[in-house]
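Basis for what follows: all heavy atoms, side chains included, without hydrogens, waters or symmetry-related copies.
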Amino acid sequence: MELNTVFSPMKIGSCEIPNRLVVPAMVTNYCTKDGILTDRYLKYMEEKAKGGWGLIITEDYAVQEHGKGYERIPGFWKPEHVARNKELTALIHRYPSKIFCQMYHPGRQSSMAVNGGVMPVAPSGTKDPMCFEFTRGMTVEEIHQLVEDFGTAAARCKESGFDGIELHCAHGYLLAEFLSPYVNKRTDQYGGCFQNRVRIVDEIYASMRKAVGPDFPLIVRFSRKEFVEGGRTEAESYELALHFQELGFDAVHVSNGVYAAHPRNQIIAPMFTDHAFNMDAAEQIKKLLDVPVILTNRINDPQMAETLLRMGKADFIGMGRGSLADPFLPQKAKEGKYDQIQYSIGCLQGCEMPLFLNDCVTCLINPRVGREFEVDLTPAPVSKKVMVIGGGPAGLVAARTAALRGHQVTVYEAQEELGGQFRSAAYPMGKGELSTLTSSLRAQLKELQVPVLLNTAVDEALIQAEKPDAVVIATGAKPLTPAIPGMEGSNVLTAEEVLLGKKDIGNGPCVVCGGGEVGGETAQFLAERNHDVTILEMQGDILNDMMPMTRTCLMEMLAQVGVKVMTGCKVSQINQDSVSYQDAQGQIQTIPADSVISAFGYQAYNPLEAVARSHCGEVYVIGGAVKAGNAITATKEGYETGLKL
């Protein structure tokens, strides 16, 4: 498919955007607590401009010192913020990309901890169901001050050289709270009817427009549906979109949700959410308006973007997580290198989970995110012959990084396919996109002319014959096999064997031993195929090793397919037709089981380190070969090892 529409320019107000691919605002936590931009933040943003994105929208800038949703976001609440923002815009303007600044106030979706002990404010004194902090309702005087502060921040933004501003009226933050009866219970001029609830946005727009003049682009982002009981629905959102155009906004950005929305309808959508699930609402809004419409959330494919544009769903396509996974997605798409794009998989492990812990954003697919300032991947002083043993995520990322730095790399994989544990991880329902990581890394290694030898088990003789300058051991982890009587039985299979289809399961009842992520996903996988499945878990609950958003989705999926869950159960013996376990009261119980799935976890597998060290002075052990864990740790260690070589 020719991406003629994607790579055509279009104006937002007076600003011509070189193509239709947009990086929406995404919190990173890379700035100082005082809202000052860091070198880390600047280089992170520059990477996207290098990659060819048409419009880059910054993460949400605070306009008041105590109006932050996260501790280390940027701000425009004081004059001192201008200098580094001038550096940012100058950096971006070395490239064709344009850059808009998003401005907001978090309202009740915040905490005292990130705002110097100051209580969060909201239209009305309520508690957010996700942030758990009580808030107080704003006074009219405070509203007027906020309106003035948005205008002052807008002036600083223009002074800093930005191409435009996005006003954040989405995702349950303060302005969205005023717009929605879900939070706004006021009875004064800022609450009640539609005209009252939108009044604060009207006043802020007027304040900002006065500060920046008539020709400076101002756009607005809003949730087409909040997906909470009593929240704003699409019918009123269409009315709101028309109102935004009448106010004078130069474009509208269609998003969805609030913090309290169900994970499938979340602001940052997990892998279980439909692709482009805002598209129909965006199309209706586009029919209503004369200004451009930006569509975002769960779009990660440039050809999908082209199709949506041709269908008239929107004028621009936002790919936030897509730009994290691969900041060079536009460039690769333009060159037709679709197989080398690192597609976002919606796992949320790097882009969402750290924010729960007040940490900085990273990415499982692209461990370079947030570390662009550390190294520019220039060639190493000396090119080494590098032997990478293991073709899972850790080994593949190490090989790619080392090859980018000019080393002579060869990958050795004992199995018939690449991917390691990531192969079987793609088989459970809703996780097929995980395969794109392995596929992309394989294609990139081919482009870099890195030999990949499958069905090649490495031993001492091979290491001795190859005489490498460096060896990277990424042999991964193996399923844990506890000393339980009957584990060696013919009716016992590992989760990997089941998922990869290496062994068949009979029609009788199945018992999955272990209720972690692997056990839960395998149980759901089997139940979808009409098996009677029971999970036995020693702890008091299951899926404790999962990211909360995806855990919620899988728990519902398990319930939907009728998987039975038994906790506080320690497996004591496996028989040919049953499993015995010790229950929470210490009593031995037995349940029928024609097939038993071992999902007790994994243990590090590292049979070659001593041998490698006896023949090579530079040896690295990474990923599951060090400690069984998740893929985000594996890719991080792979990247770091590639830099050390």
Side-chain angles (χ1 to χ4, degrees), residues 1-12 16-26 48 51-57 97-98 100 166 170 219-225 227 234 237-238 241 245 250-257 264-334 336-338 341-346 432-433 436:
M1 181 189 296
E2 293 292 328
L3 304 185
N4 297 325
T5 314
V6 160
F7 289 110
S8 64
M10 188 175 192
K11 281 191 172 184
I12 294 180
E16 183 167 276
I17 312 299
N19 64 57
R20 310 297 185 87
L21 298 177
V22 176
V23 177
M26 295 175 291
K48 299 178 188 300
W53 296 87
L55 174 61
I56 301 167
I57 304 175
S97 303
K98 303 299 182 183
F100 284 15
E166 178 174 85
I219 69 174
V220 61
R221 190 178 197 186
F222 74 113
S223 296
R224 54 99 173 176
K225 188 173 181 178
F227 292 103
E234 288 179 16
S237 290
Y238 299 144
Q245 177 172 275
D250 296 295
V252 297
H253 188 167
V254 180
S255 188
N256 60 274
R264 288 181 186 269
N265 303 318
Q266 261 296 332
I267 300 158
I268 304 174
M271 61 183 68
F272 304 111
T273 298
D274 290 348
H275 284 287
F277 78 119
N278 290 322
M279 63 181 180
D280 292 337
E283 180 182 24
Q284 292 301 315
I285 291 167
K286 180 171 164 55
K287 289 177 180 178
L288 282 171
L289 306 185
D290 299 319
V291 298
V293 173
I294 304 170
L295 166 63
T296 195
N297 211 337
R298 198 68 174 104
I299 305 169
N300 63 357
D301 180 349
Q303 293 195 137
M304 183 186 296
E306 176 72 22
T307 304
L308 292 166
L309 293 172
R310 291 191 195 181
M311 292 172 70
K313 299 292 185 182
D315 300 291
F316 292 88
I317 302 297
M319 294 187 185
R321 269 57 207 173
S323 77
L324 288 180
D326 197 335
F328 292 90
L329 180 150
Q331 179 182 307
K332 291 176 181 177
K334 200 167 191 176
K337 297 179 178 178
Y338 298 107
I341 293 173
Q342 297 172 186
Y343 295 93
S344 168
I345 60 173
E433 286 178 282
T436 61

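The side chain to side chain donor-acceptor pair (under 3.5 Å) check on Ser255 picks up His171, with sequence neighbours excluded. In this structure Lys337 satisfies the salt bridge (charged side-chain N to carboxylate O under 4.0 Å, His left out) test together with Glu335, Glu447, sequence neighbours excluded. Shown here are the ring pair (Phe, Tyr, Trp, His ring centres under 6.0 Å) partners of Phe222, two or more places apart in sequence or in another chain: Phe244. The side chain to side chain donor-acceptor pair (under 3.5 Å) test applied to Ser237 returns Arg232, not counting sequence neighbours. Partners of Pro270 according to the side-chain contact (heavy atoms from CB on, under 4.5 Å) rule, which considers only residues two or more places apart in sequence or in another chain, are Thr273, Leu348, Thr550, Cys553. Partners of Leu309 under the side-chain contact (heavy atoms from CB on, under 4.5 Å) rule, at least two apart in sequence or in another chain, are Thr5, Val6, Arg20, Ile317. Legend: residues meeting side-chain contact (heavy atoms from CB on, under 4.5 Å) with Glu166, ordered by chain and number and at least two apart, are Ile57, Gln102, Ile219, Arg221, His253. The side chain to side chain donor-acceptor pair (under 3.5 Å) test applied to Glu234 returns Arg224, Tyr238, not counting sequence neighbours. Under the salt bridge (charged side-chain N to carboxylate O under 4.0 Å, His left out) criterion, Asp250 pairs with Arg209, sequence neighbours left out. Under the salt bridge (charged side-chain N to carboxylate O under 4.0 Å, His left out) criterion, Lys313 pairs with Asp280, Glu283, sequence neighbours left out.
Pairs engaging residues 294-309 under the salt bridge (Lys or Arg N to Asp or Glu O under 4.0 Å) rule: Arg298-Glu433, Glu306-Arg310 [sequence neighbours left out].
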Just distance, no hydrogens or angles: give the donor-acceptor pairs under 3.5 Å from side chains in residues 320-332, sequence neighbours left out.
{"residue": "Ser323", "atom": "OG", "partner": "Lys48", "partner atom": "NZ", "Å": "3.0"}
{"residue": "Ser323", "atom": "OG", "partner": "Gly320", "partner atom": "O", "Å": "2.7"}
{"residue": "Asp326", "atom": "OD1", "partner": "Phe328", "partner atom": "N", "Å": "2.9"}
{"residue": "Asp326", "atom": "OD2", "partner": "Lys332", "partner atom": "NZ", "Å": "2.7"}
{"residue": "Asp326", "atom": "OD2", "partner": "Gln342", "partner atom": "N", "Å": "3.0"}
{"residue": "Lys332", "atom": "NZ", "partner": "Gln340", "partner atom": "O", "Å": "3.0"}

